[in-house]
Amino acid sequence: MRKKQGFISLVLTLMLLMSACSEEATNTQEPASTDSGKPMASAAATASSTVGDGKMTDVGTPRNQTLIVDILSGKTADPDLVNPYVPGAVPMDAGFHQLIFSSLWEINTEKGEQIPDLAATFPEPLDNTNTKFKFKLQEGLAWSDGVEFTADDVVYTSDMIIKTKELGYSGYYASLVKSMKALDKYTIEVETVNPETRLAQKLGVVIWGTAFRVMPKHIWEKEDPTKFKFKDPVGLGPYTLKSRDPQGNWFLYEKRKDWQKSDIGKIVGEPGAQYILFKFFGPEEKRIIASIQHDMDILQDITPESWDVLRQKNKTALAWYENFPYADMNDPCERGMSFNASKAPYNNEDVRWAMALMTDIKNVSLATFGGMLRVSPIQLPPISVLQEKYHKPMLGWLKDFQLSDGYKPFDESYATDMVEMLKQQGIKGLPTDTKEAVNTFGVGWYKYDPDEAGKLLEKAGFKKQGDKWMKPDGTPWKVTINAPANFEVQSMRLAFAVADSWKKNGIDANVQQMDGATFWDSESTGAFEVGSYWPACGLLPDSTANFQGWHKQYIVDNGKQAPGNRNRWANDKVSSLIDELAGMQSSDPKVISHITEINKEFVKGMPFIPMFGTSKFVPVDTYYWTGFQTSKNAFEGPWWWWSQFKYYTPHFKPTGK
């Protein structure tokens with residue numbers, strides 16, 4: 001690993017020197033134009049240039065008034081398609097759900113609870129059936145075009161989703177909400193299809209965003225929601241879209257003049273930056289160079305090797321921790337290999353389990369993120385609160401769990417083994433006892449046992465010819481893993497590491513990298529066999545809302561947009577437990593036991609091989625801006641791609657440089 005880090009460091013240093021030498025020549029090139037008519041430097045140019053006495057960005061804004069944020073999902077295929085309800089829309093994490101769109105309820109990850117946003121109150125049951133509710137909206141908010149926000153906007157959005165069955169979200173939403181109506185200008189009554197005890201979780205944010213995004217009635221009622229591009233989005237957030245790159249590399253936002261009438265203006269206060277530029281700089285080495293040159297303030301996913309380079313070259317760069325493991329390990333989604341369980345041979349749980357046992361998880365961890373990952377054997381991420389509620393209490397069951405042939409696959413030695421492996425590499429600051437090791441690296445995972453995997457495959461009708469596995473029909477077994485291309489770097493690297501492990505054990509595995517829109521559309525339509533997706537998320541101990549989409553009622557044929565259950569895995573017990581959870585209050589002690597039982601079913605069936613919690617190397621540069629959250633300023637986690645980003649903006653203050 002150290003040799004690899006040294007090589008990457010050398011390459012980046014050489015690129016930095018070449019970039020610095022060529023900058024003067026590059027900046028003399030003729031600028032391209034944007035859709036707003038403003039000049040944009042060529043793709044090879046750096047993020048800013050010196051104009052007069054002050055430094056300007058390449059999109060024409062003062063650098064010291066512009067917060068520059070990396071785009072997690074990379075380049076946008078169609079930067080004009082801003083309708084969040086249709087396939088191929090711009091990635092919401094390019095600034096749209098962080099700065100323009102708003103939700104009824106948001107999430108405070110530090111406190112582990114939802115908070116009101118567009119809604120002023122939480123749903124209040126109107127009778128004892130738990131099918132009728134009312135809630136109040138914030139008063140005094142206005143859309144960014146100046147039109148007042150009222151209950152009519154929320155009701156219109158609800159009706160539009162229910163009536164427009166062509167929308168992928170319509171099926172799920174229509175199974176949840178029967179109707180909404182405005183009781184007055186700021187009060188909404190909701191009638192649900194079935195009894196609901198977590199309506200705010202299902203319509204609001206519980207992790208990174210929500211599918212229910214309120215749209216302005218006065219604009220949308222004149223359009224066909226299946227074709228409307230919403231190129232010039234009007235929202236309730238504190239910023240407006242000022243300009244964009246026609247090639248999809250950047251989006252520039254400007255603080256609303258009437259920011260007081262935005263959700264953040266009313267709830268938190270004035271955002272610190274006049275402009276926020278979400279920009280994709282290209283491959284990781286270019287992003288690191290941009291940060292070293294103070295041309296990017298917030299970085300999305302980078303690798304541990306790149307962080308080594310960045311912290312050596314940029315003394316104002318900060319990660320979550322000052323020392324090992326540097327990254328925040330409490331991102332509430334876990335990474336692994338996701339199966340389309342409707343396609344043979346992945347419709348056989350013995351095959352899925354064989355692929356788990358062919359995964360050399362320790363070496364996969366080292367190859368993916370240098371071992372700085374917390375392992376997860378269940379369907380909930382190994383964040384601290386869920387480790388205490390589920391991972392650790394399930395240890396006894398995991399150790400006793402047997403496959404169909406009586407084999408016990410669980411291995412609890414992962415954490416201590418990783419400590420020893422990293423010690424041998426000279427890593428400092430490692431845990432010194434077993435308890436601390438488990439808290440850092442996880443409770444354990446499954447054995448690397450290709451022999452047992454072979455027995456399961458033979459049981460499923462596979463045969464081995466030489467060192468290659470043949471499918472039951474006699475054809476070579478070839479596996480294609482869908483993976484992100486130049487975004488979500490952990491999942492991207494994980495796909496290659498797992499493919500290598502499977503290749504060593506006779507599976508002809510390859511990785512197919514995709515841009516964001518294609519990657520997600522392929523999962524939704526079932527256009528995959530195996531994917532480096534992350535359908536296992538959770539933040540609250542009551543993770544009912546996160547499991548809801550696994551109900552068998554959401555399974556659709558391949559080729560259709562799935563409203564949920566994109567793995568197309570039908571499990572009667574899971575669906576029954578989800579139904580029972582829907583009738584419980586979050587405080588009911590049965591909630592934890594029911595979710596534990598759901599996790600057991602996922603272990604048995606393995607429709608998704610859970611591997612690691614997400615370690616986020618998402619550093620910031622404090623040269624131009626301060627107030628960023630870190631482990632020492634943990635008012636929130638570093639979730640720059642979440643919709644709650646807008647809540648961070650009042651914390652960010654210029655340094656005066």
Side-chain angles (χ1 to χ4, degrees), residues 9 12-13 15-21 23-24 26-27 41 45-72 95 98-99 250 252-255 271-282 284-303 306-323 326-328 616-636 638-641 645 648-657:
S9 177
L12 286 171
T13 301
M15 290 188 68
L16 177 58
L17 290 172
M18 288 188 290
S19 175
C21 292
E23 182 177 355
E24 183 177 353
T26 300
N27 284 340
T46 54
S48 56
S49 59
T50 301
V51 177
D53 295 330
K55 197 170 187 181
M56 303 291 287
T57 67
D58 62 0
V59 297
T61 58
R63 179 65 180 95
N64 60 7
Q65 296 180 30
T66 308
L67 180 75
I68 302 179
V69 186
D70 194 8
I71 299 178
L72 181 66
Q98 296 109 312
L99 301 176
W250 56 263
L252 176 65
Y253 302 88
E254 183 174 17
K255 183 165 55 178
Q274 180 65 25
Y275 304 97
I276 299 183
L277 175 62
F278 275 77
K279 180 173 179 177
F280 176 59
F281 284 77
E284 185 167 354
E285 62 269 17
K286 291 186 177 181
R287 295 160 56 218
I288 298 303
I289 290 170
S291 185
I292 290 171
Q293 296 178 330
H294 308 304
D295 286 332
M296 189 193 303
D297 303 306
I298 295 175
L299 274 156
Q300 304 287 11
D301 276 346
I302 63 171
T303 60
S306 289
W307 169 239
D308 278 351
V309 174
L310 180 57
R311 65 192 176 94
Q312 292 170 22
K313 300 292 182 181
N314 183 351
K315 299 306 179 184
T316 56
L318 295 178
W320 185 252
Y321 293 108
E322 289 183 1
N323 299 300
Y326 299 106
D328 188 345
K616 284 295 184 181
F617 289 87
V618 285
V620 295
D621 180 19
T622 59
Y623 186 83
Y624 284 108
W625 298 92
T626 63
F628 301 113
Q629 53 267 52
T630 66
S631 62
K632 292 185 176 180
N633 183 33
F635 63 87
E636 263 295 358
W639 321 127
W640 316 122
W641 55 102
F645 179 98
Y648 313 158
T649 57
H651 292 268
F652 305 152
K653 305 296 181 184
T655 62
K657 294 179 181 176

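In what follows, residues are counted from 1 in the order of the sequence shown. Source: prediction; values computed, not measured.
Note that OG of S306 and CG of D301 are 11.0 Å apart. Values are rounded to the nearest 0.5 Å. With values rounded to the nearest 0.5 angstrom, H651 atom NE2 is found 12.0 Å from T626 atom OG1. Interatomic distance, I289 CD1 to K313 NZ, rounded to the nearest 0.5 Å: 11.0 Å. Atom NZ in K657 sits 9.0 Å away from atom OH in Y624 (nearest 0.5 Å). Interatomic distance, CG of L299 versus CG of L72, reported as 11.5 Å (0.5 Å rounding). Between the OG1 atom in T61 and the CD atom in E254 there is a gap of 9.5 Å [rounded to 0.5 Å].
Summarising the geometry of E636 relative to W320, their closest heavy-atom pair is O-CH2, 3.3 Å, with the distance given to 0.1 Å. Annotation for P638 and D328: closest pair CD-OD2, 3.2 Å, computed over non-hydrogen atoms. Scanning all heavy atoms of the two residues, the minimum distance from I276 to A273 falls at CG1-CB, 4.1 Å.
Here the side chains of Q312 and W307 are not in contact, with every heavy-atom distance at 4.5 Å or above. Between W625 and P654 there is a side-chain heavy-atom pair separated by less than 4.5 Å. Contact check for I68 versus I298: no side-chain heavy atoms found under the 4.5 Å cut-off. Side-chain contact between W639 and Q629 is absent, with no heavy-atom pair separated by less than 4.5 Å. Two residues are said to be in side-chain contact when any heavy atoms from C-beta on lie closer than 4.5 Å; L310 and P619 meet this criterion. The closest side-chain heavy-atom distance from H294 to T316 is below 4.5 Å. Taking the side chain as every heavy atom from C-beta outward, L277 and L67 never approach each other to under 4.5 Å. In this structure, the side chains of T655 and T622 stay at 4.5 Å or more apart for every pair of heavy atoms.
Side-chain N/O atoms of Q274 and T66 include no donor and acceptor closer than 3.5 Å. With no hydrogens or angles considered, no side-chain donor-acceptor pair links D621 and S291 at under 3.5 Å.
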Inset, instruction - Carefully, step by step, assess V69 and Q300 under the rule side chain to side chain contact (heavy atoms under 4.5 Å, CB included). - result: CA-CA 8 Å; V69 186; Q300 304 287 11; 4.1 Å; yes

Inset, instruction - Start with the C-alpha distance between V620 and W640, add both sets of side-chain angles, then the distance that settles side chain to side chain contact (heavy atoms under 4.5 Å, CB included), and finish with yes or no. - result: CA-CA 10 Å; V620 295; W640 316 122; 3.5 Å; yes

Inset, instruction - I would like to know whether Y253 and Y275 meet ring pair (Phe, Tyr, Trp, His ring centres under 6.0 Å); could you show each step before the answer? - result: CA-CA 6 Å; Y253 302 88; Y275 304 97; over 10 Å; no

Inset, instruction - Determine, stepwise, if the pair E284 / T303 fulfils side chain to side chain contact (heavy atoms under 4.5 Å, CB included). - result: CA-CA 8 Å; E284 185 167 354; T303 60; 2.9 Å; yes

Inset, instruction - Check the pair F278, W250 against side chain to side chain contact (heavy atoms under 4.5 Å, CB included), reporting the backbone distance first and the verdict last. - result: CA-CA 6 Å; F278 275 77; W250 56 263; over 6 Å; no

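Checking side-chain atoms of K255 against main-chain N and O of P271 turns up a donor-acceptor pair under 3.5 Å.
Put simply, the residue from T57, D295, D297, D58 that forms a side-chain hydrogen bond (donor to acceptor under 3.5 Å, both in side chains) with R63 is D297.
Contact check on D70 versus R287 returns a salt bridge, with a Lys/Arg side-chain nitrogen under 4.0 Å from an Asp/Glu carboxylate oxygen.
Side-chain rings of Y326 and F617 stay apart, their centers remaining 6.0 Å or farther from each other.
Note: F645 and Y648 have tilted aromatic rings, judged against thresholds of 30 and 60 degrees for the angle between ring planes.
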